[in-house]
Trainee: 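Dumping the structure here so I can ask a few things about it.
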2 protein chains.
Amino acid sequence: MPRTRGRAPAGGRADALSREVVVGAAVELLDEHGERGLTFRLLAERLSTGPGALYWHVANKDELVALAADHVLGHALAEVPPPTDDAVAGLRTLAVTVFDALDRHAWAASRVTAPATLANALRLFDRIGSLVARTGLPAERHFEVSTAISYYITGVSAQIIAPGLTVSPATSREDFLARTADRWEALDPADYPFLTRTTANLRDHDDRDQFTTGLDLLLTGLNATTEPGRPA
Amino acid sequence: MPRTRGRAPAGGRADALSREVVVGAAVELLDEHGERGLTFRLLAERLSTGPGALYWHVANKDELVALAADHVLGHALAEVPPPTDDAVAGLRTLAVTVFDALDRHAWAASRVTAPATLANALRLFDRIGSLVARTGLPAERHFEVSTAISYYITGVSAQIIAPGLTVSPATSREDFLARTADRWEALDPADYPFLTRTTANLRDHDDRDQFTTGLDLLLTGLNATTEPGRPA
DNA sequence: ACCTGAACACCGTTCAAGT
DNA sequence: ACCTGAACACCGTTCAAGT
């Protein structure tokens, strides 16, 4: 749990630290160096303080990164265009907007978790649920379908954006895919009949299309289940 | 890249180390203590050697954990029942079998990546692709649909099984969900209309059902797209 | 209430030396 | 070719002391 944070510090420094300031600086560092490159010493230096000071505002590194990811998610949600009449279309835009935001902050993708606990993850799930509720689906299915969509957004985004969560921000996605395609090409077609046939697709596929392909499959499935009900 | 590993060591110890032995021991430690609990010192002790020895067999900790995860995936694939005539049903069984295997090794879930590079991940993707090819879907869509299913399996499994990838193996899934449900209950219904309505569902939902709900949505979507084509 | 910075208890990884 | 184990260069985190 967070420590209490008051107003302007009584006897402290002018540019007072706060949880927001710490998290904001962490986002910058995370963008620059990835999760492993974020260090309490480095962050402290950036904020002209000692490492110990940061622990007054966040419990530990896990919490710090989680808060930073939730911060990114917050920006994403703020960008989501207002919903129209078509609830399914609304779900699609919501999902894609979140994907795009995470794509700009690869480290965050694997940190937005799906049984939501932080403020913006909660908001995301609530928005999904509200849209699902307007879909015509019977009420007893609202929860499971919302969860499925929510899992899809966070889980698949993470897979696409930060596969293995280990690749340093140095290696570009293109390099990674190109190297993988090379490896596929070298395989024996007898063992991997499908793989060896589709190498070309891997080389020039688009990440974002990949995300929407599965999403549309899911939403089509949803429509197919809803059909007999009312429209909006 | 792996170092060469020969036969029985020329002048070495009787219980020779090998990449397989190292990875096998790593899987055990990972099951016991999670990724953070796996240490080169601890692993070396387990194998009665020094930490340096391990670096002859694996490049670093990332590779070690990746290989361990691929090992788990290999066991999963060996358990998959032989495919029947129904390709879509085959995809479903494959997905669920992998989910179940990962569920028994939570640390592995986030390490099985979806543009496949390691042996068993390659096999998984090839199996998915071969099943998709038998689905009646036009050939130009095989790759994107296979990728979508593959992303769903690995991504959503990781979200469900190891949310936040941070929770220590100590905290049980039930505790985590219960605590999250408590938090949801405390929220203001004005801000979170959907969330506050569905707390009960979170408390007693089943992870596996959750996985299959989304999967079935996806496969239904697939069927809907395939319908006009030939059946098997 | 909040900040400072030294110190603790670890890590992953390297490498000269052995067999 | 493979193993040994000490040493290096870090980490996250704590905490007594300050303001």
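Being a predicted model, the structure only gives us computed values, none of them experimental. Numbered from 1 within each chain, the chains take letters A, B, ... in sequence-line order.
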Trainee: Could I get a table of every N or O pair under 3.5 Å where one atom is in the protein and the other is in nucleotides 11-14 of chain C?
Mentor:
unit_1: dG12(C); atom_1: OP1; unit_2: Leu38(B); atom_2: O; d: 3.4
unit_1: dG12(C); atom_1: OP1; unit_2: Lys61(B); atom_2: NZ; d: 3.1
unit_1: dG12(C); atom_1: OP2; unit_2: Phe40(B); atom_2: N; d: 3.2
unit_1: dG12(C); atom_1: N7; unit_2: Arg41(B); atom_2: NH2; d: 2.5
unit_1: dG12(C); atom_1: O6; unit_2: Arg41(B); atom_2: NH2; d: 2.7
unit_1: dT13(C); atom_1: OP2; unit_2: Tyr55(B); atom_2: OH; d: 2.9
unit_1: dT13(C); atom_1: OP2; unit_2: Lys61(B); atom_2: N; d: 2.9
unit_1: dT13(C); atom_1: O5'; unit_2: Tyr55(B); atom_2: OH; d: 3.2

Trainee: Quick one: do Phe211(B) and Tyr151(A) satisfy ring pair (Phe, Tyr, Trp, His ring centres under 6.0 Å)? Show the steps, please.
Mentor: CA-CA 9 Å; Phe211(B) 179 77; Tyr151(A) 279 141; 9.4 Å; no

Trainee: Quick one: is dC2(D) close enough that its OP1 or OP2 comes under 4.0 Å of any side-chain N or O from Trp56(B)?
Mentor: yes

Trainee: Using a 4.5 Å cut-off on heavy atoms from C-beta on, say whether the side chain of His142(B) contacts that of Asn201(A).
Mentor: no

Trainee: Without decimals, in angstroms, what is the distance between Leu17(B) CG and dC3(D) P?
Mentor: 5 Å

Trainee: Just so I know, are the side chains of Arg127(B) and Val80(B) near enough to count as touching, which here means a heavy-atom distance under 4.5 Å?
Mentor: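 A side-chain contact under 4.5 Å exists here.
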
Trainee: Once pairs are restricted to Watson-Crick or G-U wobble with both distances under 3.5 Å, how does DNA chain C read as a dot-bracket string, [ ] for crossings and | for other-strand pairs?
Mentor: ||.|||||...|||||.||

Trainee: Roughly how many Å is it from NE2 in His57(B) to P in dA1(D), rounded to a whole number?
Mentor: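 It works out to 13 Å between those atoms.
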
Trainee: Please name the residue in the list Thr213(B), Thr199(B), Leu202(B) that meets the side chain to side chain contact (heavy atoms under 4.5 Å, CB included) test with Phe143(A).
Mentor: Leu202(B)

Trainee: Starting at CZ of Phe125(B), measure out to OG1 of Thr198(A) and round the result to the nearest 0.5 Å.
Mentor: 5.5 Å

Trainee: Near Glu45(A) CD, under 6.0 Å, is it more than 12 heavy atoms from other residues, nucleotides or ligands?
Mentor: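 Open.
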
Trainee: Do the rings of Trp107(A) and His105(A) sit parallel, tilted or perpendicular, given the 30° and 60° boundaries?
Mentor: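 The arrangement is perpendicular - the two ring planes meet at more than 60°.
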
Trainee: Is there a side-chain contact between Phe99(A) and Ile160(A) (heavy atoms, below 4.5 Å)?
Mentor: yes

